[in-house]
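Take a look at the structure below.
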Amino acid sequence: MDRKEIRIEVPVLARVEGEGALEIDIHDGKLQNVKLRIYEPPRFFEKLLEGRTYAEIPDIVARICGICPVAYQMSAVHALESLFGTKTTPWIHALRRLMYCGEWIESHALHIHLLAAPDYFGFDNVVAMAEKFPDEVRRGLKLQHLGNRIIELIGGRSVHPVSVCAGGFSTAPDLQQAKSLLHDLKTAVADAHALLEWTLGFDLANNHQAFTCVALHHPDEYPMNTGRILSSDGLDINIHDYQQHFTETQLPHSTALYSHLHGKPYLVGPLARVNLNYAQLPDEVRSLLDNSTIHFPSQNMFHSMVARAAEIYFAVLEAIKLLEQYQLPAQPQVPTIPKSGIAIGCTEAPRGILWHRYELDDKGDVLQATIIPPTSQNQARIEEDLYNSLQQFGLSHSDDALRQHGEMVIRNYDPCISCATHFLQLKVSRS
Amino acid sequence: MTHVRVIGIGSPFGNDQTGWQIIEILQQQHSCPTCEYLKADRPGINLLHLLMDSDNVVLIDAIDAPTHAGEIMRLSRNELLRHSRQLSSHDIKISEALALGQVLNMLPDELILFGYCIDPADQHPVSLFRLELAANTIANEISIFNQAAILSG
């Protein structure tokens with residue numbers, strides 16, 4: 001069939017978090033235009049933070065997302081402690097790492113079982129998939145629940161936890177509850193192993209592209225809360241230098257800003273992390289990956305599901321290691337003394353690096369806030385991927401097939417569009 | 001021996017606390033020795049884990065129903081399942097979680113939901129009088145449910 005002009009519009013993207021749409025223009029068999037439209041209304045969190053005291057920041061930013069509240073709290077408190085010169089204890093570092101394990105487990109498990117795996121098998125949703133794969137879905141729910149229990153143990157509740165603060169935690173988790181969770185995590189090792197094996201057995205699409213990966217890197221541990229920012233192109237910078245290399249622009253078709261590294265799109269998230277930190281994964285995880293047909297570093301976004309499963313396995317093992325060492329501390333929190341200046345923090349949210357910058361006055365009140373979530377950082381990369389993927393897939397496919405393929409490409413990134421808070425500069429006059 | 005698990009579902013925000021508030025009143029004023037009372041904060045898919053190991057479960061939640069504000073709706077398991085829609089990991093409601101639970105055979109034999117109808121546009125908190133009235137109605141229903149649970153062993 002001869003098709004000169006084709007326009008495909010997906011007005012609402014299914015199985016992504018938040019509101020987004022896709023526009024594709026094909027002219028004379030050539031792809032002219034690909035736009036990922038984010039039309040989620042801006043939520044103005046950065047403006048809401050202005051005038052707030054530093055102690056309120058963790059509770060406010062946690063509400064940016066119900067799936068990854070820990071990430072927002074962590075980037076925030078690390079930023080504040082960095083400016084205030086607060087020296088936290090190894091106990092606090094370990095507990096924050098444990099809490100991040102919980103978030104990675106629950107977020108990744110939800111994504112794999114509710115979004116990615118149904119996509120792969122061609123089911124409309126997880127309920128349909130559960131009819132064919134009940135054991136696998138039950139296993140996924142069990143892992144997701146464990147992740148939530150970790151967050152609840154430390155944070156008081158799994159949605160918008162309440163114990164994280166600058167200087168540490170407001171309370172220490174109960175020792176008995178920690179032991180009970182440790183027992184359940186140990187029984188989940190087999191589940192995490194089986195999940196990774198399951199995803200490694202998928203016949204994933206062969207879609208290799210050239211792209212730059214960006215992630216934190218730490219010499220001693222798989223990165224979560226601390227590290228330098230690395231790229232697969234050789235970037236190696238302190239998190240404070242982020243804005244010297246990464247730029248944001250706003251395009252008319254999106255309410256979320258686009259990020260570029262030295263003018264180019266880049267990838268953040270589990271695949272970028274695994275690609276840049278493979279050697280830091282535990283032996284149990286690497287041995288499964290090494291014996292598979294997938295080789296890391298991978299330039300195939302369809303391998304993101306495997307990267308997530310690998311990180312779930314890692315996080316279960318890491319959580320066990322941390323809980324085995326858990327003791328009640330003398331104090332769960334060290335004192336913080338606010339001071340004026342620029343506070344910068346960057347941690348690895350489930351979907352990639354989450355960078356915070358706060359300007360504070362001498363009381364520790366927020367003068368200005370900048371929050372750059374991973375989803376908006378991936379937006380340029382998603383559009384680039386769509387352009388390449390659709391070309392590779394073949395533009396002669398039916399509109400429905402193109403639409404489905406485009407949606408699958410987007411869902412590889414697990415975009416959390418609701419978190420893309422970062423928007424235009426605003427001037428507000430207060431009297 | 002616990003025969004009925006009563007779960008109040010809600011969140012800390014406004015009248016979404018109604019399920020929790022009714023649970024508190026039930027515990028204080030209508031406590032039944034063979035009932036177990038729990039509060040769940042936006043459980044999402046984790047609701048399925050709260051239903052485990054119990055054959056008889058009562059859920060209490062606020063329902064968005066402005067034209068019936070103040071009324072109690074009783075929904076059976078089948079009625080709840082009829083209202084499910086496509087799952088999103090950021091927005092898993094009770095009916096969606098139950099739909100998945102049914103396929104996975106994770107639902108209790110007996111399950112009912114009592115929904116206290118609220119008007120989300122009405123920011124005034126539900127009065128204690130109305131909450132106690134609701135709790136009284138629900139307590140009577142739970143009593144009947146509990147008796148049936150005991151008889152069925």
Side-chain angles (χ1 to χ4, degrees), chain A residues 12-19 59 63 65-68 106-116 118 123-142 144-149 151-152 156-162 184 350 411 414-419, chain B residues 5 7-14 16-21 23-24 38-54 57 61-62 77-108 111:
Chain A
V12 176
L13 289 168
R15 289 204 299 276
V16 294
E17 310 315 332
E19 302 294 319
D59 284 339
R63 276 144 180 82
C65 186
I67 297 285
C68 48
E106 60 91 2
S107 177
H108 287 351
L110 265 186
H111 173 81
I112 290 173
H113 296 88
L114 265 64
L115 304 176
F123 294 110
D124 280 343
N125 54 52
V126 65
V127 176
M129 188 174 84
E131 288 174 6
K132 281 282 164 63
F133 296 97
D135 292 337
E136 288 81 356
V137 174
R138 274 195 214 97
R139 180 182 64 205
L141 293 181
K142 178 182 167 189
Q144 185 266 340
H145 183 59
L146 271 174
N148 274 328
R149 281 180 59 196
I151 299 172
E152 196 177 323
R157 61 189 188 203
S158 59
V159 181
H160 307 150
V162 296
D184 293 342
R411 284 195 285 267
D414 188 16
C416 188
I417 295 168
S418 305
C419 295
Chain B
R5 181 174 293 161
I7 305 173
I9 297 172
S11 76
F13 309 114
D16 204 30
Q17 301 176 69
T18 306
W20 295 352
Q21 292 166 322
I23 282 284
E24 285 167 12
L38 298 175
K39 284 188 207 172
D41 181 355
R42 291 160 286 181
I45 210 103
N46 288 305
L47 178 64
L48 295 179
H49 295 277
L50 295 174
L51 302 179
M52 283 168 63
D53 304 322
S54 180
V57 175
D61 195 4
R77 174 175 152 156
N78 288 340
E79 284 166 320
L80 285 165
L81 289 168
R82 271 204 293 274
H83 290 288
S84 67
R85 55 179 172 81
Q86 184 147 306
L87 279 165
S88 156
S89 65
H90 272 54
D91 185 24
I92 299 170
K93 299 277 193 298
I94 291 175
S95 51
E96 285 83 44
L98 294 180
L100 182 58
Q102 186 185 34
V103 171
L104 294 175
N105 211 24
M106 288 173 76
L107 296 186
L111 174 71

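In the text below, chain A, chain B and the rest are named by the order of the sequence lines, each starting its count at 1.
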* CE of B:M106 to CG of A:L141: how many Å apart, nearest 0.5 Å? ->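 Here the rounded value is 6.0 Å.
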
* To do: Would you give the length of the straight line joining atom NE2 of A:H145 to atom CE of B:M52, rounded to the nearest 0.5 angstrom?
  =>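 Atom-to-atom, A:H145:NE2 and B:M52:CE are 7.5 Å apart.
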
* With respect to chain A, which residue among B:N105, B:L48, B:V103 yields the maximal number of heavy-atom pairs within a distance under 4.5 Å? ->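 The candidate making the most pairs under 4.5 Å is B:V103.
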
* To do: Let me know if A:H113 has heavy atoms under 4.5 Å from chain B in its side chain, its backbone, both or neither.
  =>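 No part of it gets close to chain B.
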
* To do: Measure the shortest side-chain to side-chain distance between B:N46 and A:Q144 over non-hydrogen atoms and say whether it is less than 4.5 angstrom.
  =>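 Contact flag for B:N46/A:Q144 side chains = yes.
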
* To do: Measure the shortest side-chain to side-chain distance between B:S11 and A:H160 over non-hydrogen atoms and say whether it is less than 4.5 angstrom.
  =>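 No, their side chains stay 4.5 Å or more apart.
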
* To do: Heavy atoms only: give me the nearest A:R138-B:L104 pair and the separation to one decimal.
  =>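 Closest heavy-atom pair between A:R138 and B:L104: NH2-O, 2.9 Å.
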
* So which part of B:P43 gets closer than 4.5 Å to some heavy atom of chain A, the side chain, the backbone, both or neither? ->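 When you check distances to chain A, no heavy atom of B:P43 falls under 4.5 Å.
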
